[in-house]
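Labels below follow one simple rule: chain letters A, B, ... track the order of the sequence lines, proteins then strands, and each chain is numbered from 1. Since we're looking at a predicted model, the values are computed, not measured.
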Amino acid sequence: MLNIDSENGFMLADKVKRIIYEAVVSCGFENTGIDRWQDVPLEIPRSKDHGDFATNLSLTLAKPLKRTPGEIAGKIVGGLAESAIIGKAEIAGPGFINLTVAPDTLRGIIEEVRDAGADYGKSDIGKGKKVQVEFVSANPTGPLSVGHGRIAAIGDTIARLLEACGYETVREYYVNDIGNQIKNLAISVDLRYKEALGQDVQLDQAGYQGEYIKTYALELKKEYGDSLLKKDDDERRKLMADYTIKRVLDEQDESLKKFGVAFDRWFGEHELYDADLVEDVLKTLKEKGALYEDEGALWFATSKYRYTQDRVLKKSGGASTYFLSDIAYHKNKFDRGFDIVIDIWGADHHGYIARMKSAMEALGIDPDKLEIAVVQLVRFKKSGDFVRMSKRAGNLVTLSDLVDEVGCDAARFFFLMRTKESHLDFDIELAKERSEKNPMFYLQYAHARICSLLQKAGEEGVEVATGADLALLETPRELALMSKLANFPWEVQTCCLAREPHRIITFLTELAGDFHAFYHGHRVVSDKDKALSSARLALCAAVQTVFANGLSLLGITAPESM
RNA sequence: GCGCCCAUAGCUCAGAUGGAUAGAGCAACGGACUUCUAAUCCGUAGGUCGCAGGUUCGAAUCCUGCUGGGCGCGCCA
């Protein structure tokens, strides 16, 4: 899954793999599972003592070759061709080969970053494949809650990563705009409408009691006066449902945009019925023998495909379940030509994975092309205590409230900073804090600091431009920083393929650490040694670009001053 | 009862494809501003990787069984 099958091999890591592969071939060690340069296992060592790259290939080859790892490593190191890229190759531990990249090659990264600019980190590994990312898809019955925030942030960032890696990406939001809950929604608005017109109403019959319902009812009153009362119930409620759904979706869209998320397509469930896609999919399933009737209902034989319970598609009363239209929707995604379909679901929906994958299988669609990423739920912490985000308790309820409270950057950062499998604790006060305790400021501060340096250099007339003598960059901190820059494209690809946005944050935090350490040990802007100053400024500019590109992938701003 | 997720330093968490003395931030302790942003840096201390087995030359990582926590198991939406 994480095998990055890059073809261009522009990345430094790819170049290193090729060099190692040549050595493997020259030793006659190929066709042992290492059959192409892409098969060479390469890792970025945790410790800088282990060089810029390391490979454990001699350990994995020990068995098929029936030789000791040390012996194999010795041969491979001996077989490494003279190259301008590898500066040093050492055998260490049980048989690792640690590789240190030649300083000149690392210095070349600075120019590479400068030339690529905002494109540095992007790649074409997606080869233009069409991917749909569907996420949030909350019911159109009220504002988005804080709980949707994590899913929105992760879904959007996965989409950003896919775009950066050359996938044609569509962000889609599915709207359950028909069914019982919409009827309840209309009834709720209707009651408030009648109330606003002075009628006596039984509000406990309303399914939705939120203030926003009252607002919409008043808007309807303003627009139509009491004229809607003359219409029959069905007609009036249809109008109210349409109006309310539109208003709710507009507000959801607005709060998402405020959160940095813009959907390409809002797909209404009614579209499926309008185009008879629900009946079509039912017919197809019937033909495939995936259905049966029992006690007047129509069942989907889920258990025929995956180990799970059978599910009802049509109730004995004849009404369709949501599961049925969900199947039609997912079939439609593939009919629209998407090569990969990614659903981002909250952990409370994990039980639906097996049935949806079964449905795809029954329809003859490869269930692996439907990726369902499950995001664990979030607990919100305030003053050291976990708080229930309920309106009654007077806490933040909507996503919009949260963004207003902590800001878009902090909200996204905190939602993205952990693996999606972790049960996230969102510390609201920490997110608001502008201090060293808040990890987001550590990142943004590094970027702002570079901006300040570059500005200072401009004021003092030190050349930032091209033509700096980069060979002057030779300290361990400078080299470490360049090595880190070289890893960025690899990191973006890994994060994209693994659908793990949090790793970008880990990477940027490490980059910030390397930069701050460099900054403290090295004078950057100086008129005593202008050549060195120029070289260091060129390095700083490259670091700045990587920060900007990385933060942009996360949808977080890169402030120029703080 | 069944299913999914989680359990790593005092706290919050990283540890891709099994591999080198298990890492970071915060908290604690000790240092560093006549110098480009100290929202920073340097150093010290801190862990039976929930428990017990198993596979492997090698397991925090894979398998099985437990324990503890979160979530889910309708002709609901």
Side-chain angles (χ1 to χ4, degrees), chain A residues 1-4 41-47 49-50 54 56 59-60 62-63 68-69 92-96 98 139 141 176 179-182 184 294-299 307-309 311-319 321-323 346-354 374-377 379 381 384 417-425 427 430 433-442 444-446 448-457 459-460 462 494-495 497-498 500 502-503 505-506 509-510 512-513 515-526 533 536-537 540 561-562:
Chain A
M1 161 106 186
L2 278 179
N3 185 27
I4 297 168
L42 197 68
E43 64 174 51
I44 296 162
R46 288 194 254 284
S47 163
D49 300 338
H50 296 155
N56 65 346
L59 287 104
T60 60
K63 197 168 233 177
T68 66
F96 288 94
N98 293 336
N139 288 328
T141 52
N176 284 118
N180 283 331
Q181 59 179 345
I182 299 303
N184 289 334
D294 189 39
E295 294 186 21
L298 192 58
W299 294 72
Y307 186 69
T308 180
Q309 294 169 350
R311 299 290 164 186
V312 167
L313 296 183
K314 274 207 170 191
K315 299 183 250 183
S316 52
T321 61
Y322 273 71
F323 181 38
D348 50 343
H349 288 88
H350 75 263
Y352 299 72
I353 297 172
V374 173
V375 178
Q376 292 300 316
L377 273 38
R379 293 191 298 180
K381 204 154 112 180
M417 70 194 292
R418 305 300 179 209
T419 64
K420 58 184 177 299
E421 290 82 16
S422 75
H423 302 219
L424 179 67
D425 291 337
D427 187 328
L430 182 61
E433 202 167 312
R434 300 174 63 81
S435 79
E436 73 283 357
K437 290 182 188 172
N438 184 337
M440 183 179 69
F441 284 95
Y442 185 76
Q444 293 189 321
Y445 184 64
R449 204 173 217 185
I450 295 173
C451 291
S452 166
L453 279 175
L454 296 176
Q455 195 189 340
K456 180 105 182 162
E459 286 164 7
E460 301 198 359
V462 182
T494 307
C495 292
L497 293 172
E500 287 179 344
H502 79 278
R503 298 167 62 116
I505 288 185
T506 306
T509 303
E510 288 168 4
F515 174 73
H516 286 308
F518 156 80
Y519 174 87
H520 271 270
H522 303 71
R523 178 77 199 179
V524 177
V525 181
S526 161
S533 192
R536 286 182 175 162
L537 283 164
C540 288
S561 67
M562 291 174 74

Distance between P atoms of B:C6 and B:G30 (Å, rounded): 40 Å
With the six-membered base ring of B:A14 as reference, does the ring of A:His502 sit under 5.5 Å away with planes under 30° apart? no
If you round to the nearest 0.5 Å, how far is OH of A:Tyr442 from NE2 of A:His516? 5.0 Å
Below 4.5 Å, heavy atoms only, C-beta onward: do A:His50 and A:Phe96 meet side chain to side chain? no
Report which part of the nucleic acid A:Glu295 touches: base, sugar-phosphate, or nothing (heavy-atom distance under 4.0 Å, all strands). base
Regarding A:Ala297, tell me which of base, sugar-phosphate or nothing describes its non-hydrogen contacts under 4.0 Å with the strands shown. base
Look up atom CG in A:Asn180 and atom OH in A:Tyr322, then write down how far apart they are to the nearest 0.5 Å. 7.0 Å
B:C42, B:U12, B:A20: which one has an atom nearest the side-chain heavy atoms of A:His50? B:A20
Gap between atoms CG and C1', on A:Asn184 and B:A77 respectively (whole Å): 10 Å
Could you grab the distance from atom CG of A:Leu298 to atom CZ of A:Arg311, nearest 0.5 Å is fine? 15.0 Å
Taking CZ from A:Arg311 and C1' from B:G3, how many angstroms apart are they, rounded to a whole number? 11 Å
Just call it for A:Ala54: base, sugar-phosphate, or nothing, with non-hydrogen atoms closer than 4.0 Å on any strand. base
Side-chain heavy atoms of A:His350 within contact of A:Asp348, under 4.5 Å: no
Glycosidic conformation of B:C33, taking syn as within 90° of 0 and anti otherwise: syn
Any strand is fair game: report the nucleotide pairing with B:C62 by Watson-Crick or G-U wobble, both distances under 3.5 Å, or none. B:G54
First locate atom CZ of A:Phe441, then atom CD of A:Glu433, and finally report the distance between them rounded to the nearest 0.5 Å. 9.5 Å
Please report, rounded to the nearest Å, how far the P atom of B:G23 is from the CG atom of A:Asp49. 11 Å
Once you apply a heavy-atom cut-off of 4.0 Å, does A:Ala92 come out as touching a base, just sugar-phosphate, or nothing? base
When the P atoms of B:G70 and B:U12 are considered, how many whole Å apart are they? 15 Å
On a whole-Å scale, what distance lies between the P atoms belonging to B:G25 and B:G43? 10 Å
Whole-angstrom distance between B:G50 and B:G10, as gauged at atom P: 13 Å
Side-chain donor/acceptor of A:Asn56 to base of B:G19, under 3.5 Å: yes
Over how many whole Å does the gap from A:Gln376 atom CD to B:C4 atom C1' extend? 8 Å
Nearest-Å distance once atom C1' is located in both B:U34 and B:A45: 34 Å
A:Phe518 and A:His522 aromatic ring geometry - parallel, tilted or perpendicular at 30°/60° bounds: parallel
Polar contact flag, side-chain donor to acceptor under 3.5 angstrom, A:Asn176-A:Gln181: no
Distance criterion of 3.5 Å, no angle test: do you see the side chain of A:His349 paired donor-to-acceptor with the base of B:G72? no
Spacing between A:Gln309 atom CD and B:C76 atom P, to the nearest angstrom: 14 Å
When the nearest nucleotide of RNA chain B is assigned to A:Ile353 and to A:Lys63 on a heavy-atom basis, which residue is associated with the more 5' position? A:Ile353
If you check every side-chain atom of A:His350, which of B:A14, B:C4, B:A39 has the closest atom? B:C4
Touch class at under 4.0 angstrom, heavy-atom based, for A:Glu510 against every strand present: nothing
Identify, between A:Asp294 and A:Asp348, the residue whose nearest nucleotide on RNA chain B lies closer to the 5' end. A:Asp348
Complementary nucleotide for B:A28 - Watson-Crick or wobble, under 3.5 Å: B:U44
Grab the CG-C1' distance between A:Leu42 and B:A20 for me, whole Å please. 16 Å
A side-chain contact here means heavy atoms from C-beta on lying under 4.5 Å apart; do A:Thr509 and A:Pro439 qualify? no
Watson-Crick or G-U wobble partner of B:C2, both distances under 3.5 Å: B:G72
CZ of A:Arg379 versus P of B:C11: gap in Å, rounded? 13 Å
Counting distance alone, no hydrogens or angles: does the base of B:C41 have a donor or acceptor under 3.5 Å from a partner atom on the side chain of A:His516? no
Measure distances between side-chain N and O atoms of A:Asn98 and base N and O atoms of B:A20, and say whether any donor-acceptor pair falls under 3.5 Å. yes
Would you measure the distance from the P atom in B:G19 across to the matching atom in B:U61 and give it in whole Å? 10 Å
B:A7 pairs with, by Watson-Crick or G-U criteria that keep both distances under 3.5 Å: B:U67
Mind checking the P distance from B:C66 to B:G3? Whole angstroms is fine. 10 Å
Which whole number of Å gives the distance between the P atom of B:C4 and that of B:G46? 39 Å
Atom-pair distance (CG on A:Asn438; P on B:A27), nearest Å: 12 Å
Using the rule for Phe, Tyr, His and the six-membered ring of Trp, do A:Tyr442 and B:A39 stack at under 5.5 Å and under 30°? no
It should be established whether A:Lys315 places a side-chain nitrogen or oxygen under 4.0 Å from OP1 or OP2 of nucleotide B:A77. yes
Rounded distance (nearest 0.5 Å) linking atom NZ of A:Lys315 with atom CD of A:Glu295: 15.5 Å
Need one value for A:Ser316: base, sugar-phosphate or nothing, where a base atom within 4.0 Å counts as base even if backbone is also close, heavy atoms only. base
For the atom pair OG1 (A:Thr506) and CD (A:Glu500), what is the distance rounded to the nearest 0.5 Å? 9.5 Å
Return a single string for nucleotides 30-38 of chain B, one symbol per nucleotide in 5' to 3' order, where B is base contact, S is sugar-phosphate-only contact and - is none, cutoff 4.0 angstrom on heavy atoms. -----SBBS
For B:C57, take OP1 and OP2 only and decide whether either is under 4.0 Å from a side-chain N or O of A:Thr68. no
